[in-house]
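Have a look at the structure below, then the notes.
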Amino acid sequence: MTSLAHYLTAMKTPVHNGSVTVVAREQYDKSYQDQGVHVVRVESLVRFSDGALIRCTEELDQVENEALCAECWLTYQVIEHPETPIEPAAKHFTNRCQQAFWLKMQAAHL
């Protein structure tokens, strides 16, 4: 089993000392209007050097928000994996601080 955090770290860090690197990334703008609020939604398909494919969906409302860690929705889903399964196969965060904390906690196990 390989941790999903291993792949998320490779996505976030251009130079990664791990065994996988990003080899291709396709992005799709799926933004929309919801009751007068512009919702930015971007879907990405990220291919890694070991053959794994992960879908990343990022969504946030474009409203004035001065919160320290503004609400947004981040979802990662394993679409394809090499022979070794990736766990968890999906992960959802409700803000970037939550994601950063999870990655920090997982770093001890990478």
Side-chain angles (χ1 to χ4, degrees):
M1 174 187 85
T2 304
S3 173
L4 179 61
H6 183 69
Y7 292 89
L8 269 61
T9 300
M11 287 172 61
K12 306 280 181 218
T13 311
V15 178
H16 182 59
N17 294 330
S19 60
V20 297
T21 57
V22 173
V23 295
R25 184 185 311 245
E26 297 176 27
Q27 284 191 312
Y28 305 96
D29 183 353
K30 301 215 173 180
S31 300
Y32 60 94
Q33 293 286 334
D34 183 20
Q35 298 179 6
V37 175
H38 182 69
V39 178
V40 176
R41 180 182 170 109
V42 177
E43 285 188 16
S44 302
L45 290 174
V46 183
R47 175 74 66 184
F48 294 87
S49 55
D50 67 352
L53 179 65
I54 295 177
R55 176 185 296 128
C56 171
T57 305
E58 298 183 47
E59 186 173 310
L60 63 116
D61 297 343
Q62 275 214 293
V63 295
E64 290 292 323
N65 190 344
E66 295 185 23
L68 185 58
C69 200
E71 185 176 53
C72 67
W73 299 271
L74 305 160
T75 303
Y76 299 91
Q77 180 180 6
V78 176
I79 305 299
E80 296 175 12
H81 61 81
E83 291 181 21
T84 306
I86 300 170
E87 295 291 333
K91 187 73 178 160
H92 179 77
F93 303 100
T94 56
N95 60 53
R96 295 192 190 287
C97 296
Q98 185 184 42
Q99 174 183 280
F101 180 76
W102 184 77
L103 286 172
K104 183 178 179 179
M105 298 305 293
Q106 298 301 309
H109 305 289
L110 294 180

Inset, instruction - Under the salt bridge (charged side-chain N to carboxylate O under 4.0 Å, His left out) rule, what do R47 and E26 come out as? Steps first, then yes or no, please. - result: CA-CA 9 Å; R47 175 74 66 184; E26 297 176 27; over 6 Å; no
Inset, instruction - Applying side chain to side chain contact (heavy atoms under 4.5 Å, CB included), name anything that partners T57, two or more places apart in sequence or on another chain. - result: R41, E43, R55, T75
Inset, instruction - Any chance you could measure Y76, atom OH, to L4, atom CG, to the nearest 0.5 Å? - result: 8.5 Å
Inset, instruction - Tell me, please, which residues at least two apart from Y7 pass side-chain hydrogen bond (donor to acceptor under 3.5 Å, both in side chains). - result: D50
Legend entry - Between CE on residue M11 and CZ on residue R25, distance to nearest 0.5 Å: 5.0 Å
Legend entry - Same cluster (ILVMFWY, side-chain, under 4.5 Å), L53 and Y28: yes
Inset, instruction - Go through the structure and list residues passing side chain to side chain contact (heavy atoms under 4.5 Å, CB included) with N95, not counting sequence neighbours. - result: C69, C97, Q98
Inset, instruction - Determine yes or no for a side-chain-to-main-chain donor-acceptor pair under 3.5 angstrom, with T21 supplying the side chain and S49 the backbone. - result: no
Legend entry - Spatial distance of atom CD (Q99) from atom CG (L74) [nearest 0.5 Å]: 5.0 Å
Legend entry - CZ on R96 to CG on L103, rounded to 0.5 Å: 12.0 Å
Inset, instruction - For the pair K30 and E59, find out whether any cationic side-chain nitrogen is under 4.0 Å from an anionic carboxylate oxygen. - result: no
Inset, instruction - Quick one: do H6 and Q106 satisfy side-chain contact (heavy atoms from CB on, under 4.5 Å)? Show the steps, please. - result: CA-CA 8 Å; H6 183 69; Q106 298 301 309; over 6 Å; no
Inset, instruction - Look at the side-chain heavy atoms of Ile, Leu, Val, Met, Phe, Trp and Tyr, link any pair under 4.5 Å apart, and say whether V46 and W73 land in one connected group. - result: no
Legend entry - Beyond-backbone contact of E58 with Q27, side-chain heavy atoms, under 4.5 angstrom: no
Inset, instruction - Tell me whether M1 is reachable from V20 by hopping between hydrophobic residues (I, L, V, M, F, W, Y) whose side-chain heavy atoms are closer than 4.5 Å. - result: no
Inset, instruction - Starting at CZ of F48, measure out to OG1 of T2 and round the result to the nearest 0.5 Å. - result: 11.5 Å
Legend entry - Distance, nearest 0.5 Å, that separates CG of L60 from NE2 of H38: 8.5 Å
